[in-house]
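Worksheet: one structure, shown below.
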Amino acid sequence: MHYRNDPKFPEGFLWGASSSAWQVEGGVADGGRSESIIDINSRTKVPFADNSIAADHYHHYLEDVELMAECGFTSYRFSLSWSRIIPAADRKVNPEGIAFYNNLINALLERGITPIVTLYHYDMPVWVKEKCGGWMDRSIIDEFEYYCKVCYENFGDRVKYWLSINEQNMQIIYGYWLGLADSEDWFRDQWKMNHIMNLCHAKAVNLCHEMVEGGLIGPVPGMVPIYPESCRPLDQIAAMNAEEFTEKIWNDTYAYGTYSNFLKKYWEKNDIDPGILPGDMELIASAKIDYFAVNCYRSNVAKDAPLDSEQKAYLLNSTGVKGNFQFPVVPGEYALTRNPFVEYTDWDWEIDPSSLRYTLRYMHDHYHLPMIITENGFGAHESKGADGKVHDDYRINFLRENIYQVGLAIEDGCEVWGYNPWSFTDLLSTGNGIAKRYGLVYIDVTDDELNRAKDASDLSLARIKKDSFYWYSKLIKSNGTDWGEDMSGR
Ligand code: BGP
């Protein structure tokens with residue numbers, strides 16, 4: 001659909017931004033927090049940057065919340081650190097961890113900013129890994145349920161919007177990249193792990209509904225819409241295969257509470273036992289989600305991959321130098337390939353604002369649930385200019401075009417209640433340190449400085465509002481009408 005007028009955002013639409021604990025907080029040894037697996041990865045894996053300090057939000061949270069309020073935020077999506085709340089296997093709740101999040105939540109609410117809280121965003125405590133073997137052992141279900149209970153008990157009186165597990169699909173698909181794939185037969189074991197994660201998600205959903213008065217909860221799939229390379233019928237089927245194996249399998253289970261026939265056939269043909277025990281499917285079916293929280297940055301293109309094609313792994317760009325990556329080929333299923341109609345970022349991510357409208361339409365058509373955007377954004381190399389400021393016109397363009405597409409999706413009939421791009425301040429990228437910056441606010445630090453510093457007091461870590469901060473502020477204070485330029489004909 002093309003429309004003659006600019007789209008309208010509903011009254012009370014939540015405008016904010018997004019972060020996760022391990023990427024923004026720092027203070028990893030402060031306030032009684034214990035170590036998480038991602039801390040170890042961030043110190044030992046290249047090109048992760050040490051997350052001991054990150055954006056030091058743990059010590060700067062009040063300044064950060066003040067800046068959010070100045071910008072005009074009405075929401076902020078962040079995650080809780082399990083290691084900060086329950087630091088050890090004895091299950092003792094850490095009062096300092098609870099106090100930190102209480103202070104953050106209260107500071108937000110006092111400024112009219114609605115907290116939207118993720119329970120789990122990639123940061124498993126070391127003790128959980130040691131005690132339960134991570135997501136691979138069913139004993140984690142009890143631990144996770146207990147953790148959720150503690151979170152709802154302590155914050156559920158004020159936090160009403162909850163998110164279960166961030167990008168479960170990406171954690172399974174990129175198991176090697178994110179450090180989950182440490183089993184000998186990952187090809188099969190990933191489905192066991194995925195099943196256990198589904199059970200944990202289901203526990204989180206049910207418990208939220210039981211314990212939080214007026215509480216709502218949803219999953220956070222990482223969505224990358226898949227377009228077929230051509231109108232060749234085989235490319236269309238390949239696009240459907242890629243869609244199944246990268247996102248649909250997960251979303252179907254969240255929304256319908258069962259595993260799809262497509263997935264069950266795949267397991268049968270590949271001799272995969274996902275470890276389903278009596279009662280599991282009843283639990284999964286009982287967990288009724290209230291919405292989908294959608295992360296979407298880009299799109300992919302798929303083409304047919306015959307059975308005899310050469311298998312290739314998906315190697316993501318971890319340097320920020322264009323062309324340093326490899327598209328995957330999965331023989332018999334699909335191959336991903338370049339899209340000649342879009343530009344690419346320095347990390348070879350497609351710059352495709354329509355992907356957001358496509359995703360919202362797709363999710364709406366399949367699941368008929370409300371949606372909130374919990375991630376979207378533009379990662380770039382950035383530094384301060386001679387004037388001490390950061391002129392990120394490329395990010396303004398990206399956000400403008402993407403948010404406009406959210407508006408169009410709303411005009412198309414999708415129920416969307418908020419937009420929270422990645423990220424408010426710069427923070428650590430999942431695999432690229434702080435060199436890949438997403439923030440509306442610049443953090444004055446580099447990866448080298450973060451890796452060298454003994455503690456945060458060695459560093460400036462000054463918060464500098466980028467040009468995108470001012471542009472976004474105008475747009476959200478006008479509830480999505482002040483675009484900063486004429487948008488007609490988009
Ligand atoms: C999402 C993750 C975030 C964030 C973002 C950007 O998948 O949920 O944690 O990192 O991607 O990705 P990256 O940091 O790799 O650029």
Side-chain angles (χ1 to χ4, degrees), residues 17-25 36-39 41-42 45-49 51 54-55 57 76-81 116-124 163-180 197 218-225 246-247 250 292-300 314-322 324-325 344-351 355-356 359 372-382 394-395 398-399 402 420-440 443 447 450:
S18 188
S19 73
S20 86
W22 77 270
Q23 292 171 281
V24 75
E25 281 180 11
S36 75
I37 300 292
I38 205 122
D39 302 346
N41 285 347
S42 88
K45 279 197 187 161
V46 176
F48 281 85
N51 72 321
H57 175 69
Y76 175 48
R77 180 258 182 158
F78 61 96
S79 78
L80 303 173
S81 155
I116 300 167
V117 175
T118 318
L119 289 158
Y120 184 85
H121 195 125
Y122 298 169
D123 50 352
M124 176 168 294
L163 311 171
S164 55
I165 299 175
N166 184 69
E167 297 196 357
Q168 182 183 333
N169 59 327
M170 295 300 177
Q171 293 187 64
I172 300 294
I173 302 162
Y174 297 115
Y176 288 105
W177 174 257
L178 292 169
L180 278 78
M197 287 173 118
V220 195
M223 294 297 294
V224 183
T246 57
E247 46 209 22
W250 287 268
F292 269 104
V294 173
N295 291 355
C296 177
Y297 293 79
R298 58 177 178 143
S299 54
N300 275 157
Y314 200 169
L315 303 180
L316 296 169
N317 181 326
S318 58
T319 59
V321 177
K322 274 191 181 158
N324 245 315
F325 76 109
Y344 282 79
T345 70
D346 286 347
W347 277 266
D348 291 302
W349 287 26
E350 293 77 1
I351 303 173
S355 64
L356 201 44
T359 291
I372 178 163
I373 291 139
T374 38
E375 289 183 38
N376 171 243
F378 190 88
H381 294 286
E382 274 168 345
Y394 39 87
R395 182 168 294 104
F398 181 92
L399 292 174
N402 274 263
N420 290 268
W422 191 262
S423 49
F424 182 54
T425 60
D426 290 336
L427 38 65
L428 296 190
S429 144
T430 296
N432 304 273
I434 208 162
K436 189 181 186 188
R437 293 176 189 265
Y438 282 92
L440 302 168
I443 301 288
D447 281 336
L450 284 173

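Everything numeric in this text was worked out from a predicted model, so none of it was measured. Order of appearance sets the numbers: ligands from 1, and atoms from 1 within every ligand. One is the number of the first residue; the rest follow in order along the sequence.
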Mutual orientation of the aromatic rings belonging to [X] and [Y] [parallel < 30°, tilted 30-60°, perpendicular > 60°]:
X    : Y    : value
Y297 : W349 : perpendicular
Y394 : F378 : tilted
H121 : W422 : parallel

What I'd like to find out is whether the side chain of K322 reaches to under 4.5 Å of the side chain of D348, using heavy atoms alone.
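SC-SC contact between K322 and D348 confirmed.
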Which parts of the protein, at residue level, reach under 4.0 Å of ligand 1 through a heavy atom?
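Correct list: Q23, H121, Y122, N166, E167, N295, Y297, W349, E375, W422, S429, T430, K436, Y438.
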Under 3.5 Å, is there a donor-acceptor pair linking the side chains of D39 and N51?
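Result is yes, a qualifying pair exists.
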Under 3.5 Å: donor-acceptor pair, side chain of E375, backbone of N420
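It does not hold such a pair.
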